[in-house]
Amino acid sequence: QVQLQESGPGLVKPSQTLSLTCTVSGGSITTSYYYWSWIRQPPGKGLEWMGAIAYEGSNWYGPSVKSRTSISGDTSKNQFSLQLSSVSPEDTAVYYCARYIIQSTGVYIVDWGHGTQVTVSS
């Protein structure tokens with residue numbers, strides 16, 4: 001059973017960097033052919049895919065946050081992390097980490113964390 005758990009500060013000041021960590025248990029982040037992503041949902045809005053890191057270390061980022069986003073993995077800790085720089089109140093959201101697979105028919109999320117609320121405010 002794969003479980004994902006988000007962790008990090010719940011409050012970040014504007015212009016600072018938001019840093020979150022997803023701890024994975026029950027499976028390795030290096031296992032072929034899984035992908036590990038960050039997804040967020042601002043209040044009253046839909047889900048936004050922020051980016052992902054693949055089992056072999058490759059990265060992809062959503063176009064709206066690409067310039068400010070970095071996702072990295074730590075194989076020794078079986079964790080992957082999100083760094084979102086220069087945050088503003090518009091970055092306030094529930095942040096989720098998730099595992100997904102890629103098939104010819106599309107992408108499929110197979111595991112979600114419970115999410116963590118992050119508020120950007122001074």
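Annotation for S81 and T21: closest pair OG-OG1, 3.4 Å, computed over non-hydrogen atoms. Taking all atoms of both residues into account, the shortest heavy-atom contact from T17 to V12 is O-CG1, 4.0 Å. For the residue pair Y95 and D91, the shortest heavy atom distance occurs at OH-O, 2.6 Å. The shortest heavy-atom contact between A93 and P43 is CA-CD, 4.4 Å. Of all the heavy atoms in F80 and C97, the pair that sits closest is CZ-CB, 3.7 Å. Residues Q41 and Y96 share a closest heavy-atom pair of OE1-OH, 4.2 Å.
Hydrophobic clustering (side-chain heavy atoms under 4.5 Å, transitive across Ile, Leu, Val, Met, Phe, Trp, Tyr) groups I101 together with V24. Both M50 and L4 belong to a common hydrophobic cluster when Ile, Leu, Val, Met, Phe, Trp and Tyr are linked at side-chain heavy-atom distances under 4.5 angstrom. Criterion: ILVMFWY side-chain heavy atoms under 4.5 Å apart, direct or through other members. Under it, L20 and Y100 are not part of a common hydrophobic cluster. Linking Ile, Leu, Val, Met, Phe, Trp and Tyr residues whenever their side-chain heavy atoms come within less than 4.5 Å places V94 and L47 in a single cluster. Cluster membership for I39 and Y108, using ILVMFWY side-chain heavy atoms within less than 4.5 angstrom, is not shared.
No donor-acceptor pair closer than 3.5 Å links the side chain of Q83 to the backbone N or O of S19. R68 contributes no side-chain N or O that, together with a main-chain N or O of L84, makes up a donor-acceptor pair within less than 3.5 Å. At least one donor-acceptor pair under 3.5 Å links the side chain of N78 to the backbone N or O of I29. In this structure a side-chain-to-backbone donor-acceptor pair under 3.5 Å is present from S37 to A98.
The line from OG of S86 to CG of L18 is 11.5 Å long, rounded to the nearest 0.5 Å. Atom-to-atom distance recorded for T23:OG1 and D74:CG is 10.0 Å, nearest 0.5 angstrom. Taken from CD in Q5 to NE2 in H114, the straight-line distance is 6.5 Å, to the nearest 0.5 Å. In this structure, CD in Q79 is found 7.0 Å from OG in S7, a value given to the nearest 0.5 Å. A distance of 10.0 Å separates CG in D111 from SG in C22, rounded to the nearest 0.5 Å. With values rounded to the nearest 0.5 angstrom, Q16 atom CD is found 12.0 Å from S85 atom OG.
Aromatic ring centres of Y34 and Y55: separated by at least 6.0 Å.
Around the OH atom of Y33, the shell of radius 6.0 Å holds no more than 12 heavy atoms that belong to other residues, nucleotides or ligands. More than 12 heavy atoms of other residues, nucleotides or ligands shown are found within 6.0 angstrom of CD on E56.
Counting only heavy atoms from C-beta outward, the side chains of T92 and Q117 approach each other to under 4.5 Å. Residues V118 and R40 have side chains not in contact (no heavy-atom distance under 4.5 Å, counting atoms from C-beta outward). Within the 4.5 Å cutoff, side-chain heavy atoms of Y61 are placed close to those of S70.
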Practice task
Go through the steps to decide whether Y35 and V107 satisfy the test side-chain contact (heavy atoms from CB on, under 4.5 Å), and finish with yes or no.
Solution key: CA-CA 10 Å; Y35 300 79; V107 299; over 6 Å; no
Exercise for the section: Check step by step if side-chain contact (heavy atoms from CB on, under 4.5 Å) holds for E48 and V65. Expected result: CA-CA 10 Å; E48 179 184 21; V65 298; 4.0 Å; yes
Practice task
Check step by step if side-chain contact (heavy atoms from CB on, under 4.5 Å) holds for I71 and W36.
Solution key: CA-CA 9 Å; I71 296 172; W36 307 87; over 6 Å; no
